[in-house]
Visitor: 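Structure in structure tokens, see below.
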Amino acid sequence: MAAGSAPEARGLMDEQTFLDNFNNLIYRHKTYLCYETERMQDDLWIPLDEYKGFLQNKSGSRRWERCHAESIFLGEIASWNLDTELRYRITVFISWSPCADCADELTKFLRENRHVNLRIFAARIYDWYQGYEAGLRALKAAGAEVAMMTFQEFEYCWKNFVDHQQDEDKPFPRWDNLDSEYERLTKKLAGILQNQED
DNA sequence: ATTTTCAAT
């Protein structure tokens, strides 16, 4: 895309949107999803810049108008028509981990698209509705890597998905207790993923 | 506008 186009058109979100939505201590009634795609070539992962960006869930006053971020994303992937003869790796950074239904959709996608690897890093665990634990386990069983975002991932997103306007080198402004909350969440996730009862 | 778990009130 053109270097002079609007930040959003280049797949960049503004700083406050990122900080408001990816903070692992603040709950939001919306979900943002950043994604990037790589292709395996000569045993190396080559970034595909045309398949990089971010999106958010659709909200609406009527239930049928709403759509979780993961569903929208799966629709986008389908429109890419990735070559089934090649090997891809998609990395997702999402503010809320997938709910049971979204985990099921992603699991189904992975089973039907063996040429695609999926890594999901979530800022927070969405544990509001029942069934999310089994959903996350199924996702892992289908080959997805599921993990919480560490400082490293937050900083990576800050550098790669956020528009810093004039100040390209603006450092990631970490918030208090980022690490301790990550520690809490990653232990919780480990417990979920290790649990055998389904 | 508020409170705030992919809104609902």
Side-chain angles (χ1 to χ4, degrees), chain A residues 8 11-37 51-79 90-110 118-140 142 144-151 153-154 156-158 160-162 173-193 195:
Chain A
E8 184 126 355
L12 298 176
M13 76 176 81
D14 67 70
E15 292 179 344
Q16 206 51 49
T17 299
F18 177 75
L19 294 174
D20 279 350
N21 286 281
F22 279 86
N23 188 310
N24 57 4
L25 286 155
I26 301 177
Y27 295 174
R28 294 293 176 201
H29 285 295
K30 49 190 174 182
T31 298
Y32 277 81
L33 185 159
C34 303
Y35 61 89
E36 60 184 3
T37 308
Y51 303 136
K52 170 180 182 290
F54 78 96
L55 54 86
Q56 87 174 96
N57 68 292
K58 274 205 204 64
S59 59
S61 52
R62 299 174 195 79
R63 192 163 291 274
W64 57 266
E65 292 175 325
R66 301 175 199 157
C67 191
H68 278 194
E70 298 90 327
S71 291
I72 297 171
F73 183 50
L74 284 171
E76 288 202 10
I77 297 174
S79 75
I90 297 175
T91 304
V92 164
F93 304 95
I94 191 167
S95 56
W96 283 116
S97 65
C99 69
D101 289 345
C102 289
D104 286 350
E105 281 188 48
L106 292 164
T107 298
K108 183 164 176 280
F109 168 81
L110 287 176
L118 180 64
R119 301 191 297 170
I120 299 175
F121 294 93
R124 301 177 298 263
I125 297 176
Y126 188 72
D127 55 6
W128 189 244
Y129 294 116
Q130 296 285 321
Y132 72 97
E133 300 102 322
L136 293 175
R137 284 193 289 273
L139 196 47
K140 184 190 173 193
E145 183 182 327
V146 183
M148 304 311 300
M149 289 175 72
T150 64
F151 170 82
E153 277 82 44
F154 288 118
Y156 181 85
C157 285
W158 177 259
N160 291 282
F161 294 99
V162 177
R174 64 180 312 149
W175 49 87
D176 290 345
N177 299 318
L178 181 157
D179 295 313
S180 56
E181 186 62 8
Y182 160 75
E183 292 294 338
R184 186 184 76 78
L185 289 168
T186 200
K187 281 176 192 156
K188 180 180 166 86
L189 179 64
I192 291 166
L193 296 178
N195 196 321

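Chain letters run A, B, ... following the sequence lines, proteins first, then strands; residues in each count from 1. If you're wondering where the values come from, they're calculated on a predicted model, not measured in any experiment.
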Visitor: At less than 4.0 Å, is any side-chain N or O atom of Asn21(A) found next to OP1 or OP2 of dC6(B)? Yes or no.
Guide: no
Visitor: To the nearest Å, give me how far apart CG (Asp101(A)) and P (dC6(B)) are.
Guide: 13 Å
Visitor: Carefully, step by step, assess Glu181(A) and Arg184(A) under the rule salt bridge (charged side-chain N to carboxylate O under 4.0 Å, His left out).
Guide: CA-CA 5 Å; Glu181(A) 186 62 8; Arg184(A) 186 184 76 78; 2.7 Å; yes
Visitor: Under a 3.5 Å cutoff on both atom distances, Watson-Crick or G-U, what's the dot-bracket for DNA chain B ([ ] crossing, | other strand)?
Guide: ((.....))
Visitor: Using side-chain hydrogen bond (donor to acceptor under 3.5 Å, both in side chains), reason through Glu183(A) and Ser180(A) one step at a time and then give a plain yes or no.
Guide: CA-CA 5 Å; Glu183(A) 292 294 338; Ser180(A) 56; over 6 Å; no
Visitor: Going by the side chain to side chain contact (heavy atoms under 4.5 Å, CB included) test, name the single residue among Ile120(A), Leu106(A), Asp101(A), Asn57(A) that passes it with Glu70(A).
Guide: Leu106(A)
Visitor: What integer distance in Å separates Leu185(A):CG from dT5(B):P?
Guide: 14 Å
Visitor: Do the side chains of Trp158(A) and Phe18(A) get nearer than 4.5 Å, heavy atoms only?
Guide: yes
Visitor: Which whole-number value in Å describes the distance from Arg62(A) CZ to dA8(B) C1'?
Guide: 15 Å
Visitor: Answer yes or no: does a side-chain N or O of Arg63(A) lie under 4.0 Å from OP1 or OP2 of dA8(B)?
Guide: yes
Visitor: Below 30° counts as parallel, above 60° as perpendicular, anything between as tilted: where do the rings of Tyr126(A) and Trp96(A) land?
Guide: perpendicular
Visitor: Assess, by modelled atom type and distance only, whether the side chains of Tyr156(A) and Glu36(A) contain a donor and an acceptor separated by less than 3.5 Å.
Guide: yes
Visitor: When Tyr35(A) is tested against each of Phe73(A), Phe121(A), Phe93(A) for ring-ring contact (aromatic ring centres under 6.0 Å, His included), which residue passes?
Guide: Phe73(A)
Visitor: Give the rounded distance in Å between these two atoms: CH2 of Trp96(A) and P of dA7(B).
Guide: 12 Å
Visitor: Which whole-number value in Å describes the distance from Gln56(A) CD to dA7(B) C1'?
Guide: 13 Å
Visitor: In the structure I gave you, are the side-chain heavy atoms of Phe151(A) and Tyr182(A) within less than 4.5 Å of one another anywhere?
Guide: no
Visitor: Using a cut-off of 6.0 Å, state whether more than 12 heavy atoms not belonging to Trp128(A) lie near its atom CH2.
Guide: no
Visitor: Starting at CG of Asn24(A) and ending at P of dT4(B), how long is that distance when rounded to a whole Å?
Guide: 18 Å
Visitor: Going by heavy atoms closer than 4.0 Å, what residues in residues 65-73 of chain A are next to DNA chain B?
Guide: Arg66(A), His68(A), Ala69(A), Glu70(A)
Visitor: Classify the nucleic acid contact of Ser97(A) as base, sugar-phosphate or nothing, counting any heavy atom under 4.0 Å across all strands shown.
Guide: base
Visitor: Send over the distance from Arg124(A) CZ to dT5(B) P, rounded to a whole Å.
Guide: 9 Å
Visitor: Could you identify which residues of residues 27-35 of chain A place a heavy atom less than 4.0 Å from some atom of DNA chain B, listed by residue number, or say none?
Guide: Tyr27(A), Arg28(A), His29(A), Lys30(A), Thr31(A)
Visitor: More than 12 non-hydrogen atoms from neighbouring residues, nucleotides or ligands closer than 6.0 Å to CD on Gln130(A), yes or no?
Guide: no
Visitor: Leu106(A) CG to dC6(B) P: how many Å, rounded?
Guide: 17 Å
Visitor: If only atom types and distance count, is the side chain of Lys52(A) paired as donor or acceptor with the main-chain N or O of Asn160(A) below 3.5 Å?
Guide: yes
